[in-house]
Amino acid sequence: MSSELEPVDEVGWQKRWTDERVFEADLRGDRPKFYCLEMYPYPSGKMHMGHVRNYSIGDAVARYKRMRGFDVLYPMGYDSFGMPAENAAISEGGHPHDSTERNMASITAQIKRMGFSYDWRRTLKSHDPRYYKWNQWFFTKFMENGLARREHAPVNWCEACNTVLANEQVKAGRCWRCNGPVEQKEMNQWFLDLPSYAQQLHDGLDTIAFPEHVKSLQKDWLGRSEGANIRFGIVGREEKIEVFTTRPDTLFGATFVTLAPEHPLARLLVEGTPQEAEWRALHDEVASMSEFDRIKNMNKKQGVFSGHHAVHPLTGNAVPIWFGNFVIASYGTGAVMAVPAHDERDFDFATAYDIPIRRVLVMKEGGDADAPMNQAETDLGYMVNSPLDGFDGLYGQAAKDAVCAALEAANHGERTVNWKVRPWLISRQRYWGTPIPVIHCKECGAVPVPESDLPVELPRDVVFAVEGNPLETSPTFVNASCPSCGAEARRETDTMDTFMDSSWYFLRYTDALNDDEPFAKAIADRWMMVDFYCGGIEHAQMHLIYARFMTKALRDLGLVDVDEPFNELLCQGMVNKSAPFCADCGVTLSVDHEGAPCPHCHGELTSRSAKMSKSHGNTVSPEAMIERFGADTVRLFILFAANPTAGMDWSDAALEANHRVMLQLRSMPEQLMAWTASDTPMDAWMEARFTQRIHEFTEAMERYDLRRAVEISHYEVIKDINWYVRRGGGNRAVAERLLPIWSQLISVSTPHLAEVWWNDHAATTGLVAASSLEVPTPLDDDQQVLLAGEQYIRDVLEQARKVRVVAERHLGQSATSATLVVAPDWKRTLAQSALAFLADGGHPKQFMSVLQELPLAQGERKGEILGFWGKKMLPQVFKWDDASKSVVISSMDEALVLSHASDFVAAELGLATVNIVVGESDADTTGRAGSTMPLSPAIVYA
RNA sequence: GCCGGGGUAGCCGAGUGGUCAAAGGCGUGAGGUUUAAGCCCUUAUCUCAAUGAGUUCGCAGGUUCGAAUCCUGCCCCCGGCACCA
């Protein structure tokens, strides 16, 4: 009985793995390498199910690859800078450093309890000065190369978090962390010139194995658009207005120019004019508004005339210059040429302010060039009404090209590619991050801290319960002398965005203990790229863009050779659990409401699967589950419950079911080793079947189909063994050959139990975690036939069971015997001919004429045979799978196979006798040969 | 609005032209085992007058000897972006 078995001593096995250092990755000679990585976690004190899922997936891959002979780099560390620790210090006192270290210790213990196969020597933590020193060093290099810049610019400010945010960290106008409103603020801030890598970041996506939706997300964010920069003169002034457009083909329809109210020229144009007050009102309204509100407001087109006119670059006509609330200062050039006829926004604006609308495209060739415009026609079209010769009639790209060529010839513009992505704002007005290594000197400006003075360490003498950046409260930190002139100076108190930390940690892992450089180039080059990267989809645009940018930037500093950090990216699905749901209100509620009516509408609640979260109260503690069922069960459940990329529903019942499987497996070796049966023909079947399973397993693992792999190792093999035993198998020698490899298969997902098998039952030495798995040679023909024959018996049994209910209804009593009528030879011959014909590429329709000529179709049964082909055999030849087809083609004697198994079949069906006859032979008195088919005998009960 | 991903039996979910009435799991029914329950094993689980036939893979058409799978149109769900010029 399974409950009498000792539970697996998981902690004991973990200790042995550590003692024997089996997971310490090093490059050994010429073995291939494999870099398996999970997104390193923020060290909250507790491991949650999302972590467990993430690492169970990665660990399975790492263990599999290790067993297949790779040097596997599989590290773990902590993204330990960031706001939660600092906020805790502000509200509860204490120091972020202490709480972070405490939390790290506790989450590390929980992670270790799962038995993941990390090389813990390489652990890194962002807040370690030995790590963030290199952030600072990179930063000073970037300054030297013009990649890092300080600019006074409007930036996103989150009041609640008391810091600025990168564009990527603003979601729908709100802060990605606290969901508070984000305002625009003009500040001096540090930026990294990510847009200069936009094209590379865009093109690189085609060289790596990211999921399509992640690529599309990144491309959206980079926002490539092709078009032209066009310069308009200003009547009576020297300055030019440069606009960006994707539609140069509509240039002749530009009846005004619109500037963002914050455009640098705006003030110059209106200062001291009657328009100044109106402009200022618009400017102030727009500039102070949070972006969220501004976008909401943009529906209402608001504009102010500047009092000036621009000069159309090709016609020389004067067109008015307006300021519009819908023009975004930070995109393109902050100015647009307005073509009301062919742009919806411009149409609305022109209509509101009574500006002329001039059609320059028609949507159909030869369309009416003077047709009135009731709305903007924004599709590509044929040029009309061009004031210059040579344009009318041109369409689409040709039209764009012609206009661009004219602009380039006149030096009033040129083709260009514009990117939506902005420079990466990395300044944060917070304490718990990497100090930006700069000293501000009145004379010398912003001076980078020399390499010899790095790292600039975070001071301990700060006060957290203050308004503003706690770093400013440390005089020892703030007061510094200028590295270049020695004068009194002030140290930069901005720290770096924590995404800086996570943008290169994967490089650090390759050489984590190096104190002389961030990583040795030769070592990093050997391990990179990351072959398998597993983490949440929420990082698809921030972390995964920054890390790709950083890799390219470090490459250009000569620090590493790779162009891309990650090859295969797997975004694991959410862990969900049911929570109360009100269908009428469409709200998911906390589990507190279970069984109660909806608090909003008082209707009855149903339940729905929802992401595990504190607010829903539907979280499940991994610790509690491990304590109850063990780490192996939790891992098995998590891998088996859903494909890695799919969302999975946590179910206690399913977890318990998986636990039962684990208990069953726990007792498996004893059962197998207790086999005492002698050799049977089934032994060869069992070995062939298991060989087939090994192949299926490795194929599933190679495509990271972990669910299928687990299904094979933990479910299918048991079924195979059950069948083997049912068929009279039970040879201990077979068990002895099978058990070691089976241990290896289960070790990928349930490594602790696998060690018990490997060490206590299989005649093996060492640890299964350090073993190597050989893929056996493919099955030979004899083995294929063996498997097919057995499959045939299973199919016949299944069919016999289905038919029996009906048959007994006809008989009016229980059946006591059955006759299996095997298809007559001519049907098999027919099938073989047809299969051969089709295998040669023949069309199914043509086989009828071939058949008419075949010897088997001659004679008085010709009509019957031709009819049988069309009605019965034609659909059937396509239904057979490859294995069945080869059985049909081979000369497996169905009657013989069934005869050998007739006692078994009789026993399975609880019948006294089972007779086997060939249809249409003298022995066949059933008259049922007509319904037979190769591999599908008629079953006649009596 | 644009871009991606989806819609498969009571539920979850595999399935990219024939191996599909559709894997596997969960749930449910039956039998075996058991003192009993559980575990475990076997078996059933779209409909009907049942060795057959019919109808099913969001909806409606189409291509094909053959469609869950390919094509066209439509509906719905999820994610992202969004007056981005």
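Within every chain, numbering begins at 1; the chains are lettered A, B, ... in the order of the sequence lines, protein sequences first and strands thereafter. Just so it is clear, the structure is predicted and the values come from calculations on it, not from any experiment.
Residue A:I939 is classed as a base contact, given a heavy-atom separation below 4.0 Å to a base. Across all strands shown, A:E344 has no heavy atoms under 4.0 Å from either base or sugar-phosphate atoms. Counting any heavy atom pair closer than 4.0 Å across all strands shown, A:F640 reaches sugar-phosphate atoms only and no base atom. In this structure, A:K845 reaches the sugar-phosphate backbone alone: every heavy-atom distance under 4.0 Å involves primed, P, OP1 or OP2 atoms, never a base.
Nearest to the side chain of A:I718, among B:A85, B:U51, B:C41, sits B:C41. Of the listed nucleotides (B:C41, B:C84, B:C65), B:C41 has the atom at the smallest distance from the side chain of A:Q664. When the nucleotides B:A85, B:C65, B:A44 are ranked by their closest atom to the side chain of A:L874, B:C65 comes out on top. Checking B:G4, B:A85, B:U51 against every side-chain atom of A:H213, the shortest atom distance belongs to B:G4. Nearest nucleotide to the side chain of A:Y331, out of B:C41, B:A23, B:A85: B:A85. Distances from the side chain of A:T246 to the nucleotides B:G25, B:A85, B:C65 place B:A85 closest. Listed candidates were B:C40, B:C65, B:C81. Nearest to the side chain of A:D220 is B:C81. For A:V803, taking side-chain heavy atoms from C-beta onward, the closest of the listed nucleotides B:G80, B:C40, B:U51 is B:U51.
The same atom, P, is picked in B:C70 and in B:C84; the two are 34 Å apart, to the nearest Å. A distance of about 29 Å separates the C1' atoms of B:C76 and B:G54, rounded to the whole Å. Nucleotides B:A22 and B:G13 have their C1' atoms positioned 12 Å apart, rounded to a whole Å. Between B:G5 and B:A9, the two C1' atoms lie 23 Å apart (nearest whole Å). Separation of the C1' atoms belonging to B:G10 and B:U33 is 29 Å when rounded to the nearest angstrom. Rounded to whole Å, the C1' atom of B:U55 lies 15 Å from the corresponding atom of B:U8. B:G73 and B:G4: their P atoms are spaced 15 Å apart (whole Å). Rounded to the nearest Å, the gap between the C1' atom of B:G7 and that of B:A68 is 12 Å.
We find that CG of A:L663 is positioned 17 Å from P of B:G38, with the value rounded to whole Å. Here the P atom of nucleotide B:A30 and the CZ atom of A:R804 are 19 Å apart, to the nearest Å. As rounded to whole Å, 10 Å separates atom P of B:G24 from atom CZ of A:R708. The separation between A:E798 atom CD and B:U43 atom P is 9 Å, rounded to whole Å. Following rounding to the nearest Å, A:Q375 (CD) and B:G1 (C1') show an atom-to-atom distance of 14 Å.
Checking A:Q692 against A:R689 by side-chain atom types alone, a donor-acceptor pair falls below 3.5 Å.
The local environment of NZ in A:K219 is crowded, with over 12 non-hydrogen atoms from other residues, nucleotides or ligands closer than 6.0 Å. Atom CD of A:E538 is surrounded by more than 12 heavy atoms from other residues, nucleotides or ligands within 6.0 Å.
When side chains are defined from C-beta on, A:W869 counts as touching A:L874, because their heavy atoms get closer than 4.5 Å.
Within the structure, every side-chain polar atom (N or O) of A:Q218 is placed at least 4.0 Å from both OP1 and OP2 of B:G4. Side-chain N/O atoms of A:K879 include one lying less than 4.0 angstrom from OP1 or OP2 on B:A21. The side chain of A:R345 places an N or O atom within less than 4.0 Å of a non-bridging phosphate oxygen (OP1 or OP2) of B:C84.
Checked by distance alone, A:R726 brings no side-chain donor or acceptor within 3.5 Å of a matching partner on the base of B:U42.
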Please test A:N229 against A:R415 for side chain to side chain contact (heavy atoms under 4.5 Å, CB included), starting from the C-alpha separation and ending with a verdict.
-> CA-CA 6 Å; A:N229 278 341; A:R415 272 167 260 246; over 6 Å; no

When you look at A:R794 and A:E798, which way does the salt bridge (Lys or Arg N to Asp or Glu O under 4.0 Å) test go after all the steps?
-> CA-CA 6 Å; A:R794 296 186 86 143; A:E798 191 184 326; over 6 Å; no

Does the pair A:H342 and A:T378 meet the rule for a side chain to side chain donor-acceptor pair (under 3.5 Å), with working shown?
-> CA-CA 5 Å; A:H342 304 292; A:T378 58; over 6 Å; no

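Looking at which nucleotide of RNA chain B each of A:Y715 and A:V877 is closest to, the 5′-most match is held by A:V877. Checking A:S216 against A:P937, the closest nucleotide of RNA chain B that is more toward the 5' end is the one next to A:S216.
Base-pair partner of B:G27: B:U45 (Watson-Crick or G-U wobble, both distances under 3.5 Å). Under the Watson-Crick or G-U wobble criterion, with both distances below 3.5 Å, B:A36 has no partner in any strand shown. Using the Watson-Crick or G-U wobble rule with both distances under 3.5 Å, B:C81 pairs with B:G1.
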